Amino acid sequence: MDKAYLHQQHEGSINALWEEHDAFNPDSVRAYKEKHTALLPTTGKSFSIVMPPPNANDPLHIGHAMFVALEDAMIRFHRMLGDDTLWAPGTDHAGIETQFVFEKKLKKNNQSRFQFDRETLYKMIWDYVQENSGIAQDQMKRMGASADWSRFTFMLDPTVVKIVLQTFVELHEKELIYRDYRLVNYCTKCGTAFSELEVKHVEQIDPLYYIKYGDFTIATVRPETKFRDTALAVNPTDPRYTDSLGKTFSIPGLLGPIEMKVIGDEEVDPEFGTGIMKVTPAHDPHDFELGKRYNLPVTPIITLDGRMDFTWFFEKAEKESVEPKYLERAHKYHGKKVAEARKLMVADMAEDGLLVKTDEKYLHSVGTCYRCGTIIEPLPLPQFFVKVKPLTDNALSALKKGEVKVIGAGHDKILKHWLENLKDWNISRQIVWGIRIPVWYSTSENPDLELHFTDDGKRVSGKISQLLQHYSLETIIQTLQELRPPMNAKFVVSIDSPGPDYIQETDTFDTWFSSAQWPYTSLQAHNDQDFARFYPTQVMETGYDILPFWVMRMLMMGLFKTNQVPFQTVYMHGLVRDQKGQKMSKSKGNVINPLTVIDQYGADALRMALVIRSTPGLDKSVGDPDFRAMRNLTNKIWNAARFIKEGLSRVESEKNAATADEALPQDEAFSKKLTAVTNQVTQQLHDYKLGLAAETLHNEFWHWFCDLCIEDAKKGSLSPALLSKGLVTFLKLLHPFMPYVTEAVWQELRREPLPWLSISDDAECMIFSAWPS
RNA sequence: GACCGCGUAGCUCAGUUGGUUAGAGCGCCACAUUGACAUUGUGGAGGCCAGGGGUUCGAGUCCCUUCGCGGUCACCA
């Protein structure tokens, strides 16, 4: 054996060894056990984890290393216990993330997504993802992830997609899907709507404008929407406005007077601003609700690309006479971005004497896109929603009954809080990279269907009834970009086209709609047995940051579709932080690349550093000193084995005394303690206390086994047979955490078995050897 | 405003249903070492476990409270 453990020389060949034995595949392990029944235990239980699928096109970061280290430790432990063990790997298509990255790439080549029809664009992204898809898998393999790669699943595999579509159909049949014209959280940069969860609220200071509305003064941060105000609202108890309540006023504005009624609503805060507010249902969620309550029209003035739209005014100007000044202004604002238009309008209002005052230091919070940081525009769009109440009720009752247990500081309470307060889920996304919603519109029944398609690389837009006069439906479908079906459009929910007259919805599902189904889709993607054999899974292990996005929704969808919880235990790990406890970020330059660490210190050192003393639900700091310390542990393990294999025999022959049969003074205490450590670590692993188990092992191995027991054996007060047995026990206990060095030592020991220790009664590879009892 | 965490050695953190003398890594000091390992060993310094109160034979651990730090959600014309 080498004087030191050199990870570079072992990790590759050990991966090859495991691959040769197909050791990660439960079917192969089962077959091996059938051949060696005398050697290996079988519990008859199954243990499965479905891997949180990384984005197919992303290189792995330290967070992935964390989940690999934890999940692989659980998997290896249960495999050695004799459970029928599966770790099912896969990758996610990551809808918006991927399309966003791809569009950036297009932009570099001076191209835009609008030059392509959706099918072409989809195919381009597909090919791009394929190029990168092997990377994540290779990197996880280098971390020692013992996932069954033969069961690798991609979110857009046909079997997965089919189940996801069927789920939508079933939800619709049970009346849990509805299409509604609502204000959605729209990012004008990403070009799609988002769910509530993807909106990040940030505090910022904006000017609050006090504007003259006839005899009233209102306060607003969004003067640009004032042209489409439909009413004024006050608190009905506010004495200042009781006389005006219910009356209609003609309010002079930048484009002439608007008729507005004063309505009373309890929700208006008399303390805020002037106690009177303008109601703009098309561009404010609160106003939208008010509008619904008082039957006010929804009249948008901002387009999907975040620009002012005065078409309505120009149409009006054609019908009735409008002062040239107003028309000029409308033309000035038209097509301008919101922020720019706001400036122009404020200037004009000041000129007209409509601006009373400006509070420049108004602090409020605005919704921004979690993805790109752009301010979210609340825009009215018809979208598909999932009615969540029945689903969250089921999830809550499963939690209450203890069918799912959440491990991780306080996160069980956070999950409960989410489930109790969840709003209906907008699952429509205006992107092509995803699963297309299985909804069909008849072109004859919906003549007003608006759509965009490409004709020779140019974007053509219009209503279907008009477009069909110049193009065939087939051409339109083939080169379709997007559909904008009006709210009253009739539609059919169906996986396949209901007839030749139909055109499919172009919106795709929210990525999380398919991820939410991952446990039962990925287990049905490869054969007919896995689902019965491995579902529900035992553990869902993932970062706490995606608890509401993913874990909660898996629970909801799993219960809906399978009437069972998708997993019994949720283990939530924390963020990986740097040595100083700071968040890692590219701008700080403190990002740790797991592969660099593997190159330098080995996969075992990386894994152990991440797991040791980690606590579920809390963040973990790691840095170079930690990796070095754990690399030293790999070397310690190697050298303990080297001494027992090569040095102890020399000590023995020099002494020429104690035989293997003779009991020595320390033997009894040694055996007792070894059993105690084994039991302790086993229990800690059963209790999902992985950080503690790793720490126990580190301390007992180094400071008891090496520092005391090996020295005892040198002195001749502990028998070599027992010491060797202790080594094997520790190797096995350590294997889930440090698979490479333990397997490497195991192979060394098997090469020329020690005279006083028979390991021929054990497996060829440590990975499926029996857990010590 | 609501909820959830955290506060333990110089630093980063463990501490299991409450139970001897509170631990680890890194760092620091002294010494050792040709034979498992310098990626080492031995010894050591360093803690009113954030403050206060309570329950208990016994509290870092449970309860109340104050302070400090972090996170999440909600509202905002």
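In what follows, chains carry the letters A, B, and so on, assigned in the order in which the sequence lines appear, proteins first and then strands, with residues in each chain numbered from 1. Treat the numbers as computed from the prediction; the structure is a model and nothing was measured.
With both ends at atom C1', the span from rC69(B) to rG51(B) equals 15 Å, rounded to whole Å. Separation of the C1' atoms belonging to rA30(B) and rU34(B) is 23 Å when rounded to the nearest angstrom. Going from the P atom of rU17(B) to that of rA2(B) covers 32 Å, rounded to whole Å. The C1' atoms of rA9(B) and rC26(B) are separated by 12 Å, rounded to the nearest whole Å. For the C1' atoms, the distance linking rG70(B) with rA32(B) amounts to 45 Å, nearest Å. With both ends at atom P, the span from rG58(B) to rC11(B) equals 33 Å, rounded to whole Å. rC75(B) and rU56(B) have their P atoms separated by 46 Å, with the value rounded to a whole Å. Taking the C1' atoms as reference points, rA22(B) lies 42 Å from rA74(B), given to the whole Å.
Base pairing annotation: rG7(B) forms a Watson-Crick or G-U wobble pair with rC67(B), both donor-acceptor distances under 3.5 Å. Using Watson-Crick or G-U wobble geometry with both donor-acceptor distances under 3.5 Å, rU16(B) finds no partner in any strand shown. When Watson-Crick and G-U wobble pairs are counted only if both distances are under 3.5 Å, rC31(B) pairs with rG41(B). In this structure rA22(B) sits in no base pair that meets the Watson-Crick or G-U test at under 3.5 Å. Taking a pair to require two hydrogen-bonding distances under 3.5 Å in either a Watson-Crick or a G-U wobble arrangement, rA59(B) remains unpaired.
If you check every strand for non-hydrogen atoms under 4.0 Å, Trp418(A) touches sugar and phosphate atoms only. Contact annotation for Thr274(A): no contact, since no heavy-atom pair falls under 4.0 Å across all strands. Among the atoms of the strands shown, base atoms are found under 4.0 Å from some heavy atom of Gln680(A). Across all strands, Asp287(A) comes closer than 4.0 Å to no nucleic acid atom at all (heavy-atom distances). Contacts of Asp284(A) with the nucleic acid, taken as non-hydrogen atoms under 4.0 Å apart, involve only primed sugar atoms and P, OP1 or OP2. Looking at heavy-atom distances under 4.0 Å, Tyr362(A) makes contact with sugar-phosphate atoms alone, never a base.
Between the side chain of His7(A) and the backbone N or O of Asp599(A), at least one donor-acceptor pair lies under 3.5 Å. A side-chain donor-acceptor contact under 3.5 Å links Glu11(A) to the backbone of Ala603(A). With Asp578(A) contributing its side chain and Lys580(A) its backbone, the two residues share a donor-acceptor pair below 3.5 Å.
Taking only side-chain atoms of Lys413(A), from C-beta outward, the nucleotide of rA24(B), rG5(B), rC26(B) with the closest atom is rG5(B). Distances were taken from every side-chain heavy atom of Trp702(A) (C-beta onward) to each of rG41(B), rU39(B), rG25(B); the shortest belongs to rG41(B). Listed nucleotides rU16(B), rU39(B), rC75(B) differ in distance to Lys423(A); the shortest reach to its side chain belongs to rC75(B). Among the nucleotides rG5(B), rC37(B), rA24(B), the one closest to the side chain of Ala409(A) is rG5(B). Of all nucleotides listed (rU16(B), rA36(B), rC4(B)), rU16(B) comes nearest to the side chain of Leu692(A). Side-chain atoms of Asn632(A) lie closest to rU40(B) of the nucleotides rG23(B), rC73(B), rU40(B). Closest approach to the Lys636(A) side chain among rC75(B), rU40(B), rC73(B) is made by rU40(B) (side chain taken as heavy atoms from C-beta onward). Nearest to the side chain of Ala629(A), among rC73(B), rG25(B), rA36(B), sits rG25(B). Closest contact between the side chain of Leu618(A) and the listed nucleotides rC6(B), rA36(B), rU39(B) involves rC6(B).
Other residues, nucleotides and ligands place more than 12 heavy atoms under 6.0 Å from the CG atom of Asn421(A).
When the P atom of rA24(B) is taken as reference, atom NZ of Lys620(A) falls 15 Å away, rounded to whole Å. Protein atom CD of Gln579(A) is 10 Å distant from nucleotide atom P of rG27(B), rounded to whole Å. A straight line from NZ of Lys645(A) to P of rG35(B) spans 20 Å, rounded to a whole angstrom. The interatomic distance linking Glu695(A) (CD) with rU16(B) (P) rounds to 11 Å, in whole Å. Between the CG atom of Asn699(A) and the P atom of rG15(B) there is a distance of 13 Å, given to the nearest Å. Distance, Asp412(A) CG to rC3(B) C1': 13 Å, rounded to whole Å. Distance CG (Asn590(A)) to P (rC11(B)): 20 Å, rounded to an integer number of Å. In this structure, Asp578(A) atom CG and rG25(B) atom C1' are separated by 16 Å, rounded to whole Å.
Put simply, CE on Met66(A) and CG on Leu610(A) are 5.0 Å apart, with the number rounded to the nearest 0.5 Å. Between Lys405(A) atom NZ and Asp412(A) atom CG the span is 10.0 Å, to the nearest 0.5 Å.
Classification of Asp712(A) and Lys715(A) as a salt-bridged pair holds, one side-chain N sitting under 4.0 Å from a carboxylate O. Salt-bridge formation is detected for the pair Lys416(A)/Glu420(A): a Lys NZ or Arg NE/NH1/NH2 atom is positioned less than 4.0 Å from an Asp or Glu carboxylate oxygen.
Sequence order on RNA chain B of the closest nucleotides to Asp626(A) and Leu633(A) puts Asp626(A) first from the 5' end. Each of His364(A) and Ile414(A) has a nearest nucleotide on RNA chain B; the 5'-most of these lies closest to Ile414(A).
Taking 3.5 Å as the limit, the base of rU39(B) and the side chain of Arg631(A) contain a donor-acceptor pair of atoms between them.
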